[in-house]
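Taking it in order: structure first as structure tokens, then the write-up.
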Amino acid sequence: MAFNSAEINGFSDIWVFCEQRDGVLQNTDFELISEGRKLADERGAKLVGILLGGEGISRAAGELGGYGADKVIVCEDPALDVYTTDRYCNVICDIVMERKPEVLLIGASNIGRDLGPRVAARLHTGLTADCTHLDIDMERYVQFLRESSTIDVDSVKFKMEDTNLKMTRPAFGGHLMATIICPRFRPCMSTVRPGVFKKSAFCREKADACEIERVEVRLEDAALKTKVLEVVKETRKMVDLIGAEVVVSVGAGISRDPKKGIELAEELAKALGGGVVGASRAAIDSGWLPSDHQVGQTGKTVRPKIYVALGISGAIQHKAGMQDSELIIAVDANESAPIFECADYGIVGDLFKVVPLMTDAVKAAKEAK
Ligand SMILES: Cc1cc2nc3c(=O)[nH]c(=O)nc-3n(C[C@H](O)[C@H](O)[C@H](O)COP(=O)(O)OP(=O)(O)OC[C@H]3O[C@@H](n4cnc5c(N)ncnc54)[C@H](O)[C@@H]3O)c2cc1C
């Protein structure tokens with residue numbers, strides 16, 4: 001029977017597209033599988049990962065079970081080794097049309113942002129891009145609104161039996177959060193920001209119990225419009241902001257001497273223990289650091305153990321990327337800078353004077369131990 005995305009009752013299960021690069025699963029896969037597990041439990045559904053890659057990729061699939069996948073569908077073919085839009089889109093759409101998942105989640109990486117809209121258009125369903133929160137269960141969603149919105153939840157009559165995926169994302173430049181549903185078509189599709197969801201603890205038993213299904217891939221040359229001739233990798237090492245336990249970020253406050261400001265941040269990050277340097281968009285736009293250092297709504301979402309903001313005023317778009325950090329320390333010359341609203345410790349002063357003192361104090365405390 002022909003696939004019809006509007007016949008919504010025929011769809012079930014929560015699916016996660018699992019991205020690999022050079023045969024290595026990405027952190028976003030584990031974050032999305034962990035979050036997908038919660039959604040599958042709320043819906044009483046199975047959680048299925050879908051993994052495409054070149055020869056040997058099926059060996060990586062079991063790991064996804066360790067984070068909560070009940071099953072992983074593996075499409076292994078040399079032609080899927082390197083991502084191309086049309087190959088991946090064709091393969092995924094064929095399987096989705098046949099199996100009909102109710103939800104399809106994709107990491108909002110460069111690949112996911114390219115793949116998601118193409119798949120959604122082909123399937124004729126909706127896609128909410130760059131989500132930061134997901135719910136199915138209404139009670140959990142109402143609780144989320146109670147904790148993180150200004151809505152007077154008790155005066156609103158919610159449809160508690162609603163089982164649509166509720167996809168929340170920043171809107172209007174981060175000034176408000178919008179929850180979007182896709183009630184008339186399936187699957188409900190969402191791309192999800194890397195680093196937003198926590199990965200759960202890995203469980204060896206679950207990894208061993210995970211069902212792996214290999215699916216034969218049909219790739220007809222006529223349908224493929226792109227060919228990978230060569231992969232050229234950028235040699236510059238990108239900063240691993242999302243995985244870092246300590247992030248020391250600089251903002252426009254270093255403008256008096258950007259080079260010195262970055263040096264001070266690097267020294268503090270090193271003293272605190274293998275930290276990395278992040279930045280506000282103002283610092284990136286000024287050309288002081290490359291864009292992979294940007295923290296915030298249009299940069300990376302981080303949740304390190306320690307986040308230090310140096311000369312960053314704390315615009316809502318910056319906070320969106322760091323406010324869930326375990327401990328936040330802010331240094332700013334302006335005592336009413338909004339960054340102090342989310343900081344656990346705030347120091348009002350000139351960062352060029354304060355940061356060397358902080359670094360010395362950290363070093364001295366470590367030596368004294
Ligand atoms: C759609 C959209 C998306 C955006 N996405 C992002 C994003 O992802 N990330 C992001 O960061 N921003 C983002 N922005 C920009 C954001 O709105 C702010 O403009 C930006 O975060 C400001 O950066 P800043 O705090 O470094 O600069 P400013 O707001 O100029 O703050 C500089 C701070 O430095 C302090 N200062 C100055 N000199 C010193 C000194 N010597 N010592 C100590 N403190 C000093 C000042 O008191 C001030 O508080 C976005 C904006 C839009 C509209």
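As the structure lists them, so they are numbered: ligands from 1, and atoms in each ligand from 1. Numbers for residues simply follow the sequence, beginning at 1.
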Within-cut-off N or O pair, Gly299 and ligand 1, under 3.5 Å | yes
Would one find an N or O of Gly311, backbone or side chain, under 3.5 Å from an N or O of ligand 1?
-> yes
Hey, which atoms in ligand 1 end up nearer than 4.0 Å to a heavy atom of Asn334?
-> 47 (O)
Would you check if there is a donor-acceptor pair between the side chains of Arg122 and Asn90 at a distance under 3.5 Å?
-> yes
Find out if a path of hydrophobic residues (ILVMFWY) with successive side-chain heavy-atom gaps under 4.5 Å connects Ile328 to Val354.
-> no
Under 4.0 Å to a heavy atom of Gln297 - the qualifying atoms of ligand 1, by number | 7 (C), 8 (O)
For residues Gln143 and Glu139, is any side-chain donor paired with an opposing acceptor at under 3.5 Å?
-> no
Closest heavy-atom approach to atom 43 (C) of ligand 1 among Gly253, Gly349, Gly278, Ser291 is made by Gly349
Reference residue Ile212; test side chain to side chain contact (heavy atoms under 4.5 Å, CB included); the match among Leu64, Ile73, Leu51, Val74 | Val74
Look at the rings of His318 and Tyr307 and say which category their plane angle falls in: under 30° parallel, 30 to 60° tilted, over 60° perpendicular.
-> tilted
Between Val295 and ligand 1, find which residue part has any heavy-atom pair under 4.0 Å and reply side chain, backbone, both or neither.
-> backbone
Give yes if a backbone or side-chain nitrogen or oxygen of Ala279 is under 3.5 Å from a nitrogen or oxygen of ligand 1, and no if not.
-> no
Check: Gly296 main-chain N/O paired with Gln317 side-chain donor or acceptor under 3.5 Å | no
Note: Ala315, heavy atoms under 4.0 Å from ligand 1, region reported as side chain
With heavy atoms of Ala333 as the reference, note each atom of ligand 1 found under 4.0 Å away.
-> 43 (C), 44 (N), 45 (C)
Given the options Asp13, Asn164, Leu165, Val103 meets side chain to side chain contact (heavy atoms under 4.5 Å, CB included) only with Leu165
With heavy atoms of Ser280 as the reference, note each atom of ligand 1 found under 4.0 Å away.
-> 11 (O), 23 (O), 24 (P), 26 (O)
Flag the pair Glu35 / Val192 as yes when at least one side-chain heavy-atom distance between them is below 4.5 Å, and no otherwise.
-> no
Numbered atoms of ligand 1 (with element) below 4.0 Å of Gly296, judged on heavy atoms = 7 (C), 8 (O), 9 (N)
With heavy atoms of Thr298 as the reference, note each atom of ligand 1 found under 4.0 Å away.
-> 3 (C), 4 (C), 5 (N), 6 (C), 7 (C), 8 (O)
Give the numbers and elements of all ligand 1 atoms closer than 4.0 Å to a heavy atom of Gln294.
-> 6 (C), 7 (C), 8 (O), 9 (N)
May I ask you to check whether Arg214 and Ser58 show a side-chain donor-acceptor distance below 3.5 Å?
-> yes
Would you find more than 12 non-hydrogen atoms of other residues, nucleotides or ligands less than 6.0 Å from Lys71 atom NZ?
-> yes
Near Asp350, which atoms of ligand 1 are under 4.0 Å from a heavy atom of that residue?
-> 40 (C), 41 (N), 42 (N)
Please confirm whether Ala283 comes within less than 3.5 Å of ligand 1 when only nitrogen or oxygen atoms on both sides are compared.
-> no
